[in-house]
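To find a chain, count down the sequence lines: A is the first, B the second, and so on, and within it residues start at 1.
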There are 2 protein chains.
Amino acid sequence: MTQDNFTIKQISALFDLPASTLRYYEELGLLEGVERTSSNQRIYHQNHVERLNAIQCFKDAGMSIQELVRFFQYEKDEAGSIDDILNLLQTRKELVETQLSNMKKSYKHLQKKIKFYSAIKEAKINNKPIPKWDDYK
Amino acid sequence: MTQDNFTIKQISALFDLPASTLRYYEELGLLEGVERTSSNQRIYHQNHVERLNAIQCFKDAGMSIQELVRFFQYEKDEAGSIDDILNLLQTRKELVETQLSNMKKSYKHLQKKIKFYSAIKEAKINNKPIPKWDDYK
DNA sequence: AGTTGACTTAAAGTTAACTTGAAGTTATAT
DNA sequence: ATATAACTTCAAGTTAACTTTAAGTCAACT
């Protein structure tokens with residue numbers, strides 16, 4: 001029997017999110033069916049952990065909170081909206097593809113800049129001629 | 001002789017940024033030495049184009065405007081701050097590495113979700129049993 | 001029994017990154 | 001010459017995503 005109820009503090013630690021954010025997500029409808037103890041404190045379950053993992057993932061993919069709300073609503077209306085879901089996912093997938101390629105480009109840019117400034121540093125130390133950025137582009 | 005002066009409109013089109021954003025960047029110090037025509041309109045040069053390319057790149061790498069301002073200031077103070085620059089770049093490089101790996105993870109998540117919902121769609125059309133998400137995780 | 005600390009709500013506040021508006025000047029088209 | 005379009009400044013407004021505050025309840029320790 002794996003543990004299946006968590007306090008807000010545990011969830012907060014687990015996802016490195018302030019408790020206020022968890023309440024905020026709940027208020028927006030991203031976390032549903034959060035139960036309470038007899039003294040009104042929140043109890044989270046495994047399904048919330050999974051939901052939060054999904055949220056992290058989608059956020060990393062650049063989804064806005066609005067979009068997330070929409071997505072989980074679609075998922076609940078198991079009914080018709082599969083095309084809506086697929087549409088949203090497909091669009092997001094394409095966005096992530098461009099983001100990935102942009103980010104790889106900037107990663108290379110960073111690497112070049114680092115090499116360039118390391119070379120400058122070297123040159124200064126050894127009193128050698130200062131390199132030119134144009135040679136690193 | 002390659003063209004080397006651009007109106008705000010041209011730059012705006014080139015980078016798909018509203019003119020207001022270009023003025024804003026200038027106000028923040030991201031774009032320096034923007035000259036004016038006799039009638040006070042901005043003239044941009046090749047160096048601004050390059051700067052904006054760098055800005056795009058760094059922004060894709062997740063740098064905030066504040067950080068960009070700081071970076072370009074360091075770059076100007078050719079003097080001592082090479083360690084500061086390298087530090088900033090190195091930190092950013094590491095951040096980009098985790099972002100990249102997170103984003104790749106979410107990309108896979110998206111792909112799985114798409115497969116899953118495509119399968120549901122298929123199943124509905126052909127009146128077959130509805131697949132379970134657990135089989136796709 | 002009293003204090004400390006973790007929780008609760010609801011509302012107001014914050015921050016980043018723009019964006020818009022108002023009011024004025026200059027440039028272009030008819 | 002006159003309308004309209006493109007620029008200018010400066011200040012105020014917007015949006016997303018939280019975050020903080022105030023005021024209260026409840027549980028746990030000493």
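As a whole-Å value, the separation of A:Asp60 CG from D:dA17 P is 14 Å. One atom, CG of A:Leu68, and another, C1' of D:dA17, lie 12 Å apart when rounded to the nearest Å. Here the P atom of nucleotide D:dA17 and the CE atom of A:Met63 are 12 Å apart, to the nearest Å. Note: CD1 (B:Ile43) to C1' (D:dT8) measures 14 Å, nearest angstrom. Summarising the geometry, the separation between CD on A:Glu35 and C1' on C:dC7 is reported as 17 Å, rounded to the nearest angstrom. The CD-P distance, from A:Glu27 to D:dT19, rounds to 14 Å in whole Å. Residue B:Arg42 contributes atom CZ, which lies 7 Å from atom C1' of D:dT8 at whole-angstrom precision. Taking atom CZ of residue B:Phe58 and atom P of nucleotide C:dA16, one finds them 20 Å apart after rounding to whole Å.
Nucleic acid contact class of B:Ser20 (heavy atoms, under 4.0 Å, all strands): base.
For A:Ile65, whose side chain is taken as the heavy atoms from C-beta onward, the closest listed nucleotide among C:dT8, D:dT20, D:dC18 is D:dC18. Residue A:Pro18 places its side chain closer to D:dT19 than to any other of D:dT19, C:dA17, C:dT8. Which of C:dT9, D:dA17, D:dT19 sits closest to the side chain of A:Ser64 comes down to D:dA17. Set against C:dT8, D:dT8, D:dA27, the side chain of B:Gln41 has D:dT8 as its closest nucleotide. In the set D:dT9, D:dA27, C:dA27, the nucleotide with an atom closest to the side chain of B:Arg23 is D:dT9. Of the candidates C:dA6, D:dA6, D:dT8, the closest approach to any side-chain atom of A:Lys9 belongs to C:dA6. Closest to the B:Ile8 side chain, of the nucleotides C:dT19, C:dC7, D:dT8, is D:dT8.
Within the 4.0 Å cut-off from OP1 or OP2 of D:dC18, at least one side-chain nitrogen or oxygen of A:Lys59 is found. Dashed line: the shortest gap from a side-chain N or O of B:Tyr25 to OP1 or OP2 of C:dA17 is not under 4.0 Å. Not one side-chain nitrogen or oxygen of B:Tyr24 sits closer than 4.0 Å to the OP1 or OP2 atom of C:dA16.
Residues A:Asp77 and A:Gln73 bring no donor and acceptor atom of their side chains to less than 3.5 Å of each other.
With A:Tyr25 as the fixed residue, the side-chain contact (heavy atoms from CB on, under 4.5 Å) test singles out one of A:Val69, A:Val34, A:Leu52, A:Leu68: A:Leu52.
Between B:Tyr44 and B:Phe6, a ring centre-to-centre spacing not shorter than 6.0 Å is recorded.
Distance alone, capped at 3.5 Å, is enough to place a donor-acceptor pair between the B:Ser12 side chain and the B:Leu17 backbone.
Ring orientation note: the planes of B:His109 and A:Phe58 are tilted relative to one another, at an angle of 30° to 60°.
DNA chain C is contacted by both B:Thr21 and A:Arg36; A:Arg36 maps to the nucleotide lying nearer its 5′ end (nearest heavy atom per residue).
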